[in-house]
Structures are given as structure tokens and as C-alpha cells.
Amino acid sequence: MDRFPADKPTLRLTNTLSRQKEDFVPEDPANVRMYVCGPTVYDYAHIGNARPVVVFDVLYRLLRHLYGAEHVKYVRNITDVDDKINARAAAEGISIRELTEKTAAQFHADMRALGALDPDIEPRATEHIGEMKELIETLVEKGHAYVAEDHVLFDVGSMEDYGKLSGRSLEDMQAGARVEVAPYKKGPMDFVLWKPSAGNEPGWPSPCSIERSGRPGWHIECSAMAGKHLGKTFDIHGGGVDLVFPHHENEVAQSRCSHDAPLMAHYWLHNGFLQVEGEKMSKSLGNFVTVHELLETQKIGGRAWDGRTIRLVLLMTQYRQPLDFTEKSLQEADRLLDRWAELIAANESECGPANDLPVEVVEALCDDLNTPRAIAALHGFAREGRQGDALAVRRLAASLAFLGFETEAMLTRAAKGEEAKQADPELAIRVEGRIADRLAARAARNWAEADRIRDELAGEGIVLKDYKDGDTGEIRTSWEVKR
């Protein structure tokens, strides 16, 4: 059976705008366009920031597969003008430009460690001030914005269906939102398009004949950058569910009202919230985790984690669902990648470049990026590969490479694991023997002996972890040295 058919399944995506799963039909199949909100560069990206990067990286790869890389344009912005940036630069005693350059470089390094491709275009807010001012002046001319005390504000009351994206009425939004109370605002939900700058804040000549220099509001930045690089309307806009309101709602308002367009983007995709060990991530709870910390420190699990391990954790839950990021999930993903890497390394000659993907993986991803279903297909390939099916190993390697786990990275991972075993082969032989003794004791229901072996090894700094093999369902035991 040919597992790499030419016919491709229909991509279906859950559209926040319609609250339904829809067939994806681009405006122009020769020019598929996607915009995703990027980082505000004042600090290291936390693991919640990384989730949309990885999610939409998979969608980007899928769109390139379905339509051809030359027919897909992916834009992800960098916000480099913001009050948080100003405060952090002042606190560190460095210039705003120095801070944003340093932090953007950190972001790029961390996301590449997670296997994320660079977007086709990565616009910076400060390089699009002219476009923002032009957009603001158009909104004022059309009666959708007004000038008040050196501010320019969007008049929410001028848009009949404001709130359509988030599905909220104006009354509900007013009741639940924390809005700035200012005497110059016509309505409580009106939001800032432009604001004056103090002496120590970055500023540019203001639009609308305002004499005082100023800087843009957050929402106008994405409308201007998306409009310049993707057009008045485009195919997909993505981001975290926390951005639906007010950020994306306000983007829609600005873009539609300035362009007299019924839509800004045809499909709005939002990934779910991320928790850490069952709780909302918070510095006050001590569970605030950056990608840099996971890669470089021992903050979780007493070790630094490989970027591809972090990536797999982020893909083991379907993107729209809440994700609980735990030490256990990191351990599970790490073991899984190790086993796959060993299988690929043992069959390296069978894992050459593959231009096509197994239909099971393509179908899973075309079903609203169902990555758990795709990973289940990988388990099947691995199971068949261990039974001697060389083609299954090739399917596994091809699928992993497409999902951001390149064969070269997997081979490197396998080589590092083998080096660690070779560094102290006698220890490995002894520990594996004791594990076999423990498993035999468990099989005989001699729990006391099994616990004694575990405690004996723990006293030597060797920690055992039991787990269910995702490929076979069998209970297995891994070990690591912690001294």
C-alpha cells in the first residue's frame, strides 16, 4: 500500500470567529497568508509564550506541505515599544534599543532550540510607525477615532458589531473589563491608538496635528504590520486565547473600520491556556518558568532539558485544549524521544530524506492540528519498526522531521545517549541487572524486595522511574544518576 499518496486531505480548522470547525479555503492558494502575534521583547520568553510559537510552527509546516513553501507567507511580529520595555530598560540602566536587541536575540535562540522555523517576515513595531500614523489618521477621517488631550482613541460606539470575535456584548465587556477611567474618553470601552510620551519615554512626531510627540498603543501595531505585509484581508490570524479580548478584538475593529472591510482575517485560531503543575503560572507561586531556564538550568527535575523534549510536551496536547506543563510530562517526552532516536539510529540507512508524509500524519494534522493523533501514528510506526519493518522506521523519521524533530537532531540525541552509557559501562550493566531483579520481584509480588532494590539504588544516587511504554503498553523502568 502506498503510504505517500499525492491526494491530500482537506485542512479543517476551528475558527474563533464562527465558533465552528471549517474547511480552510484560502483567498488565493498561490499566496496563503498567516499572521501570528509575536513577543514583547523585555524579558526571556516563558513557556506559555512558547506554546503558540510551536503550535503555529506546525501549522506553517503543514501549509507549506499542502500549498508549497513558495506559496505561503508567515508573518510574526516583534513588539519593541511598550511600557514594560521602558520600565525594564530604566531598571537595567540601558537604552531601550539595547534591551530589545538583546531580548529579541534571546527569544530567537530559545525558539530555534525548540525546533521552530523562522517566520518569512518578522516586522518590528518601531519600523512601522509611519504605517500606524497613517492608519490612525484614516480612522479619524472616517469618524471611527477622535483626538482628545494629545491622545487619539478608537470610538467603540462607532462600530455596530464590535465584540463579534470574542462573542461579547458591549454591556458584558464593560462589566468585566478593567478599563482606564479618563475624562477625555467618549465611552468607557474606547481604547488608545496613540498617546503622548514623557521626556524619558520613546516618542515620534504625532499624527492628527498633535504638537506633542507620542507613541502608539499596543493594538494599532499589529493592525499596521499585518496590513502592510499581508494586505487588508488575509487568511489566518493566530495567537493565544488570552489575546482574543481585547487585543484581537481591537485589531479587528481598527483594520475593518480603516479599510471598510467585512473581515480582517478569515480564520482566527487560538491556542489554550498553559498551566504548570496544575496551577496558573505565576511568579508569586514560584512556578514561573522561562524557556531559557528549562534549557540551561535545573529548575525542573534537577536537570536542563533538550529543546525538542520541550517541543514534544507542547504538542502532546491538542492546541485548543488547556495544557498542564509538568515534570512528569517532560520525563515522558524525554523517554519517548530517546526510544525513537535509538530506533532511528539503529536503522540509519533506512532514514534518508523523505519528501512525502505518511497519510496518517497528514490526516491527523489536517483535523484541526490534532497532534495527539499524529503522535499516536508515530507510536504505531515505532512498534512496526521494532518488529523489523524498515519502511515503518522511515515513516517514523519522516514524520518526526516534519513535526520539527529532524533526523540529524534525533541521531545526535541517540549518539549522546550511547556516549553516556559508554562513559561508565560497568555502572550501566550493574544497574540494568538490578532493574531486572526488581522486575522479577514485582512479577513474584515480592513488593518488599522490589522496594529494597529501589531504595538501595537510590542510596547510590540512582533514581528509578517506572512508566508505561507508549508503543507496547508494557511497564518499563528508566534510570538516571543524581549526585
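The residues of the chain are indexed from 1 along the displayed sequence. Given the structure is predicted, the values throughout are model-derived calculations rather than measurements.
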Is there a side-chain contact between Cys222 and Tyr35 (heavy atoms, below 4.5 Å)?
yes
Any ion pair linking Asp57 and Arg76 (charged N to carboxylate O, less than 4.0 Å)?
no
Cation-pi check, Lys186 to Tyr146: give yes when NZ or CZ is under 6.0 Å from the six-membered ring centre and within 45° of the ring axis, no otherwise.
yes
So, His219 versus His248, ring centres under 6.0 angstrom or not?
no
Does the pair Glu327/Arg303 count as a salt bridge with the N-to-O cut at 4.0 Å?
no
Run the salt-bridge test on Glu92 and Lys102 with the 4.0 Å N-O cut-off and return the result as yes or no.
yes
Does this structure show an ion pair linking Arg112 with Asp118, if we count only N-O contacts that are shorter than 4.0 Å?
yes
Donor-acceptor contact present, side-chain Arg215 to main-chain Pro196, <3.5 Å:
yes
For Leu263 and Thr233, which heavy atoms make the closest approach, and how far apart are they?
O-CG2, 3.1 Å
Could you tell me whether Asp368 and Arg373 make a salt bridge, using a distance below 4.0 angstrom between a side-chain N and a carboxylate O?
no
Is a side-chain N or O of Arg168 found less than 3.5 angstrom from the main chain of Gly163, in a donor-acceptor match?
no
Return the orientation label for the His247 and Trp218 ring planes: parallel under 30°, perpendicular over 60°, tilted otherwise.
parallel
Glu131 side chain to Ala224 backbone, donor-acceptor under 3.5 Å
no
Between Arg88 and Asp82, is there a salt bridge with N-O shorter than 4.0 Å?
no
Verify, without hydrogens or angle tests, whether Asp110 (side chain) and Val291 (backbone) share a donor-acceptor contact under 3.5 angstrom.
no
Does this structure show an ion pair linking Asp367 with Lys21, if we count only N-O contacts that are shorter than 4.0 Å?
yes
Electrostatic pair Asp260:Lys142 at N-O distance under 4.0 angstrom
yes
Residue pair Arg12, Asp23: steps toward the salt bridge (charged side-chain N to carboxylate O under 4.0 Å, His left out) verdict
CA-CA 4 Å; Arg12 289 176 58 76; Asp23 290 354; 2.5 Å; yes
State, yes or no, whether a side-chain contact exists between Leu400 and Ile344 at a heavy-atom distance under 4.5 Å.
yes
Is Arg33 salt-bridged to Glu27, going by a charged N under 4.0 Å from an acidic O?
yes
Any donor-acceptor N/O pair, Asp190 side chain to Asp155 backbone, under 3.5 Å
no
Considering all heavy atoms of both residues, which atom of Met281 and which atom of Val276 are nearest to each other, and what is their separation?
SD-CG2, 3.9 Å
Measuring from atom CE of Met410 to atom CG of Leu337, what distance do you get when rounded to the nearest 0.5 angstrom?
5.0 Å
His128 and side chain to side chain donor-acceptor pair (under 3.5 Å): which single residue from His229, Glu134, Glu221 fits?
His229
Plane angle bin for Tyr74 and Tyr60 - parallel if under 30°, tilted between 30 and 60°, otherwise perpendicular:
tilted
Within the side chain of His108, is there an N or O that forms a donor-acceptor pair under 3.5 Å with the backbone of Ala104?
yes
Between Glu332 and Lys328, is there a salt bridge with N-O shorter than 4.0 Å?
no
Got a donor-acceptor contact below 3.5 angstrom from the Lys185 side chain to the Ala148 backbone?
no
Quick one: are Pro207 and Met132 in side-chain contact, heavy atoms under 4.5 Å?
no
Would you mind checking if Asp334 and Arg339 are paired as a salt bridge, meaning a charged N to carboxylate O distance below 4.0 Å?
no
